[in-house]
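Computed over heavy atoms, backbone and side chain alike; hydrogens, waters and symmetry mates excluded.
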Amino acid sequence: MGTKRSMAGWIGFAAVLLLIIGCIDFFQGLIAVFEDEYYIVTQSGFLVVDLTAWGWILMAWGVLLVLAGVGLGAGQQWARWFAIVVVALNVFAQLGFLGNSQYPLWALTALALNIVVLFA
């Protein structure tokens, strides 16, 4: 088992990554709201709402992830389980964008960071 000090390092690392993931999600949502042609929705896609609604949802979700990262960085006990739940749900949100975007680099980056946060 790790000591309390080594676990604090992982939690701090996860908090910083959560802040980054929240910012990525926020900017993905911002792009979806203002640039309708940036993400191309296909017939076989995962998204069931229009891109503007999905963009607003993703911007709010990004703010929620940033708050989880701040709580995790502050050492709040509730933030650990909350971060696990929102990161696990964020994987599905990123998969929705991955299947429907012309430029999947943002989604792949956020997806990889989500997996690292779950590990941490």
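Using a 4.5 Å heavy-atom cutoff, the side chains of Phe82 and Leu67 are not in contact.
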Apply side-chain contact (heavy atoms from CB on, under 4.5 Å) to residues Trp61 and Leu64 and explain how you reach the verdict. CA-CA 5 Å; Trp61 191 254; Leu64 196 65; 3.7 Å; yes
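When hydrophobic clusters are built by joining Ile, Leu, Val, Met, Phe, Trp and Tyr residues whose side-chain heavy atoms come closer than 4.5 Å, directly or via intermediates, Met59 is not grouped with Val70. Hydrophobic clustering places Val16 together with Ile11 (ILVMFWY residues linked when any side-chain heavy atoms are closer than 4.5 Å, directly or through intermediates). Hydrophobic clustering of Ile, Leu, Val, Met, Phe, Trp and Tyr side chains at less than 4.5 Å, counting indirect connections, unites Trp56 with Phe27. A chain of hydrophobic side-chain contacts below 4.5 Å, direct or via other Ile, Leu, Val, Met, Phe, Trp or Tyr residues, connects Ile84 to Ile20. Side-chain heavy atoms closer than 4.5 Å link hydrophobic residues (I, L, V, M, F, W, Y) into clusters, and following such links, possibly through other members, connects Val85 to Trp10.
When the side chain to side chain contact (heavy atoms under 4.5 Å, CB included) test is applied to Ala79, the partners found at least two apart in sequence or on another chain are Leu72, Gln76.
Contact between Ala15 and Gly69 at its shortest, heavy atoms only, is CB-O, 3.4 Å. Nearest heavy atoms, Ala83 versus Leu18: CB-CD1, 3.6 Å.
How far CG of Asp25 is from CG of Asn90: 4.0 Å, rounded to the nearest 0.5 Å. We find the CG-CG distance between Leu65 and Leu89 to be 9.5 Å, quoted to the nearest 0.5 Å.
With Phe26 as the fixed residue, the side-chain contact (heavy atoms from CB on, under 4.5 Å) test singles out one of Val63, Ile21, Ile31: Val63.
Around CH2 of Trp81, the count of heavy atoms belonging to other residues, nucleotides or ligands within 6.0 Å does not exceed 12.
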